[in-house]
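Here's the structure, in structure tokens; my notes come after.
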Number of protein chains: 4
Amino acid sequence: MAKFENAEGSSSNRADRIRRKPERPMEILTAAFEEFVRCGYAATRLEDVAIRAGVTKGTIYFHFENKEKVFVQMVRELSKPVWQKTDEFLRQRPDDVVEFLSSYLDFAHGLLFEDRHAREILRLLISEATRFPELVDEHFAQFVEPIFEHLRKGLGEAAEAGKIRRSPALDFPDLLLSPVLALNIAMLLFSGRKPIDAKRHLDAAKDVFLMGLLPRD
Amino acid sequence: MAKFENAEGSSSNRADRIRRKPERPMEILTAAFEEFVRCGYAATRLEDVAIRAGVTKGTIYFHFENKEKVFVQMVRELSKPVWQKTDEFLRQRPDDVVEFLSSYLDFAHGLLFEDRHAREILRLLISEATRFPELVDEHFAQFVEPIFEHLRKGLGEAAEAGKIRRSPALDFPDLLLSPVLALNIAMLLFSGRKPIDAKRHLDAAKDVFLMGLLPRD
Amino acid sequence: MAKFENAEGSSSNRADRIRRKPERPMEILTAAFEEFVRCGYAATRLEDVAIRAGVTKGTIYFHFENKEKVFVQMVRELSKPVWQKTDEFLRQRPDDVVEFLSSYLDFAHGLLFEDRHAREILRLLISEATRFPELVDEHFAQFVEPIFEHLRKGLGEAAEAGKIRRSPALDFPDLLLSPVLALNIAMLLFSGRKPIDAKRHLDAAKDVFLMGLLPRD
Amino acid sequence: MAKFENAEGSSSNRADRIRRKPERPMEILTAAFEEFVRCGYAATRLEDVAIRAGVTKGTIYFHFENKEKVFVQMVRELSKPVWQKTDEFLRQRPDDVVEFLSSYLDFAHGLLFEDRHAREILRLLISEATRFPELVDEHFAQFVEPIFEHLRKGLGEAAEAGKIRRSPALDFPDLLLSPVLALNIAMLLFSGRKPIDAKRHLDAAKDVFLMGLLPRD
DNA sequence: TATGAATGAGCTTTCATTCAT
DNA sequence: GATGAATGAAAGCTCATTCAT
């Protein structure tokens with residue numbers, strides 16, 4: 001079929017079997033991501049993962065112990081870029097609390113809407129939370145808790161300085177994330193069937209939250 | 001063996017089987033709910049459903065066409081009580097918009113936190129949204145859209161009357177639902193492993209939303 | 001192929017699927033015996049057992065939990081006739097000790113040489129003793145120990161009555177079985193490649209044992 | 001990592017691998033013996049053999065053609081010491097026939113009970129007799145037939161000289177081996193679960209055989 | 001010599017589905 | 001209506017074997 005394409009694109013039977021050695025595991029995990037997203041954990045066949053990765057079933061089992069390990073490793077590996085973005089956001093966050101709140105919502109939105117990996121991994125974690133509880137905890141501790149910590153501290157200081165109200169919401173940073181999360185759930189549920197105006201939705205969320213937190217008069 | 005016992009005490013053979021006829025399908029759906037919750041759609045075995053329902057696999061196929069139909073029917077049937085509660089809430093909703101908002105959050109919270117069926121069906125719909133898109137749409141049209149319509153109208157009128165700000169959030173009633181949804185997702189993710197103070201979380205949400213919507217000054 | 005044979009012999013696709021219900025498990029076990037004998041436990045494919053039994057792999061798993069259970073059940077079930085023969089021998093054993101010894105060797109020989117089941121099960125138990133130790137113990141307790149008990153008692157009484165010598169061999173009835181066992185092992189090892197004159201071998205064994213046990217004048 | 005340690009201590013890279021060259025095959029066969037004993041032929045994984053031998057699967061295939069050859073070579077190689085003992089026993093056998101018989105039983109017993117290799121190879125040959133018939137024949141021709149030949153001759157001469165009875169057993173030297181073989185089978189079957197008093201058992205066997213062969217009167 | 005990544009056929013086991021009763 | 005034996009198409013996983021390095 002693809003025999004006559006130029007050498008770069010073709011992947012004949014054994015020629016480059018060995019050449020790609022070090023990249024194989026990551027290729028498998030990327031293929032696994034696509035299949036798990038397409039079918040969910042239980043309904044995904046490792047054979048399809050193999051085909052997509054351009055290897056055979058046996059190769060998967062050479063690199064990974066079993067299907068569960070493939071899933072866990074996939075989540076870990078594909079989450080790393082997300083972590084980098086999160087880290088970067090935290091380092092360059094604005095000092096002003098209002099701006100901070102706003103940019104936080106933008107960042108969270110951007111993360112989940114523009115990064116397909118982040119979005120779909122969230123779905124997979126919700127779906128498979130029962131099967132992989134430790135993975136959920138690990139993920140939460142790594143990606144969510146640090147940012148919540150920062151938020152709690154930032155909001156506390158802002159309240160101290162009188163820049164925002166002393167609202168009970170200051171203790172629940174996840175409250176501020178909830179519109180983004182809800183938007184994401186909506187996308188997962190309707191994946192394109194219902195048009196969602198994320199931008200206006202987000203602006204509305206900013207409006208309510210900022211007005212709700214700024215000191216009255 | 002027990003064939004010759006008197007008819008009353010024995011729940012064994014012919015009589016009982018036929019007497020229970022009309023309840024069978026519902027018994028099967030209830031059992032199916034438990035198993036789907038426990039394992040997810042793909043990993044649930046119809047045989048386990050049968051055992052839990054006290055029938056055999058064949059009986060399930062007598063009442064339902066296949067596994068997919070069992071799932072769809074289960075979601076429909078177990079959602080009916082949820083719909084009744086929703087209907088009732090809408091009929092006795094308070095007139096005052098502030099009270100309405102507050103009671104709406106309470107209602108949504110009560111629905112998802114106290115009604116295990118509602119909560120778990122939401123999880124199942126998120127997990128299986130790809131496999132059952134029409135079911136998601138149907139569910140949304142029946143249970144969510146009407147209430148959103150009411151909200152949109154009520155908030156519009158309140159803004160008209162100057163009782164609340166003309167916020168862009170008035171067009172996104174789901175924004176007001178998002179804290180409850182987020183809380184629910186948290187429960188699904190950590191199911192008991194992390195203690196969640198739902199009451200204080202909810203109070204915080206009310207505080208921010210009300211303050212954010214009330215006219216300033 | 002066999003389509004035109006008379007109805008008795010033909011086993012078309014679904015016609016008599018159900019008719020044979022009660023005999024299925026035993027048919028499977030008989031087929032399993034043949035395959036285990038042919039290939040040993042590990043190298044036997046349940047698919048071949050299924051084919052030989054005229055069913056599909058799934059049917060085996062309907063009746064038996066797994067491959068190990070098939071093996072264990074097979075040994076148990078095919079050993080029953082052996083147990084009946086053993087029981088019968090014990091009930092009609094001759095009173096005279098010399099005759100008893102002789103008939104015992106004949107019986108043991110007949111059991112192992114004329115009953116293919118008995119012979120091959122012994123081989124399987126030796127081969128798989130490590131994998132199925134409880135089965136070995138169970139088998140020994142059921143088929144060997146009772147007969148050894150009888151022997152010990154009978155020989156003890158004969159010695160008491162002065163009919164045979166007080167040899168230390170009286171405490172080891174298995175010693176008297178050993179020529180038969182050795183003959184059996186030889187058959188297992190050479191299965192037909194070396195001609196073995198079992199009759200003369202057995203007569204030789206009787207000669208030595210009887211001469212060795214009779215009192216020296 | 002350890003590449004820069006001094007050459008003596010490190011047993012890591014190039015040097016050592018090449019230096020050990022000549023011992024490799026034997027190391028592999030020894031490891032193979034252990035694994036074949038542990039799991040039987042079919043259930044033994046060449047990978048486990050490799051791990052035990054401290055090499056990789058590929059190395060095995062460098063030295064041996066395939067799994068069958070590993071088995072055959074293992075049996076041959078690990079049997080050599082057994083052959084040496086047998087040879088030595090034959091060269092220093094006592095002249096007196098009674099003593100010879102007794103020492104023969106002792107020798108056979110010692111061989112099988114004190115030499116784990118001899119004992120387990122016997123088990124493996126029984127188990128895999130169907131798969132490796134030529135190996136069984138070869139083994140028998142090398143280790144058993146010569147000794148049987150000697151026995152037949154020695155017993156014949158003794159009968160000629162009137163030292164023992166002209167029993168039909170003189171033609172079946174394996175009869176005299178059978179108690180030892182039976183003892184060995186018992187050990188294989190119960191491997192430690194049942195205590196076996198080998199010494200008394202052997203004494204009993206000697207008693208019966210000698211009394212059975214000595215001329216009456 | 002030795003390695004180890006890769007293969008692919010084949011194994012045990014599972015399970016939605018069917019159908020004679 | 002209900003049963004349960006039977007099917008058969010996979011699915012997860014294993015492992016002897018190969019081969020570029």
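Here is the naming used below: chain letters follow the sequence lines, and residue numbers restart at 1 for every chain. In this text, all values refer to a predicted model and were calculated from it rather than measured experimentally. Side chains included, hydrogens not; waters and symmetry mates left out as well; all remaining heavy atoms used.
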Rounded to the nearest Å, what distance is computed from the [atom1] atom of residue [X] to the [atom2] atom of nucleotide [N]?
X	N	atom1	atom2	answer
C:E65	E:dC15	CD	C1'	16 Å
B:D48	E:dT14	CG	C1'	12 Å
B:F64	F:dA2	CZ	C1'	14 Å
D:I60	F:dC15	CD1	C1'	12 Å
D:L46	E:dT3	CG	P	14 Å
B:F71	E:dA16	CZ	P	14 Å
C:I28	F:dA5	CD1	C1'	10 Å
C:F62	E:dT17	CZ	P	18 Å

Legend entry - Exam field: side chain D:K67 to backbone D:A42, donor-acceptor pair closer than 3.5 Å: yes
[X] side-chain N/O to [N] phosphate OP1/OP2 under 4.0 Å:
X	N	answer
A:T59	E:dT7	yes
A:Y61	F:dT14	no
D:H63	E:dA2	yes
A:R24	E:dA6	yes

Inset, instruction - Indicate yes or no: does B:R76 engage B:E138 in a salt bridge with an N to O separation below 4.0 Å. - result: yes
Inset, instruction - Take the angle between the ring planes of A:F71 and A:F132 and call it parallel below 30°, perpendicular above 60°, tilted in between. - result: parallel
Legend entry - hbond_proxy C:K57 side chain to E:dT13 base (donor-acceptor, 3.5 Å cutoff): yes
Inset, instruction - Take B:G58 and C:A42, find for each the nucleotide of DNA chain E with the closest heavy atom, and name the residue whose nucleotide sits nearer the 5' end. - result: C:A42
Inset, instruction - Please figure out whether B:R45 or C:E47 has its closest DNA chain E nucleotide nearer the 5' end. - result: C:E47
Legend entry - DNA chain F: 5'-proximal contact among D:N66 and C:V55 (nearest heavy atom): C:V55
Inset, instruction - Might you work through the side chain to side chain contact (heavy atoms under 4.5 Å, CB included) test for D:M26 and D:L78, ending with a clear yes or no? - result: CA-CA 9 Å; D:M26 197 55 199; D:L78 297 204; 3.4 Å; yes
Legend entry - Paired nucleotide for E:dA20 [Watson-Crick or G-U wobble; both distances under 3.5 Å]: F:dT3
Legend entry - Interatomic spacing from CG in D:L124 to CE in D:M74 - rounded to 0.5 Å: 5.5 Å
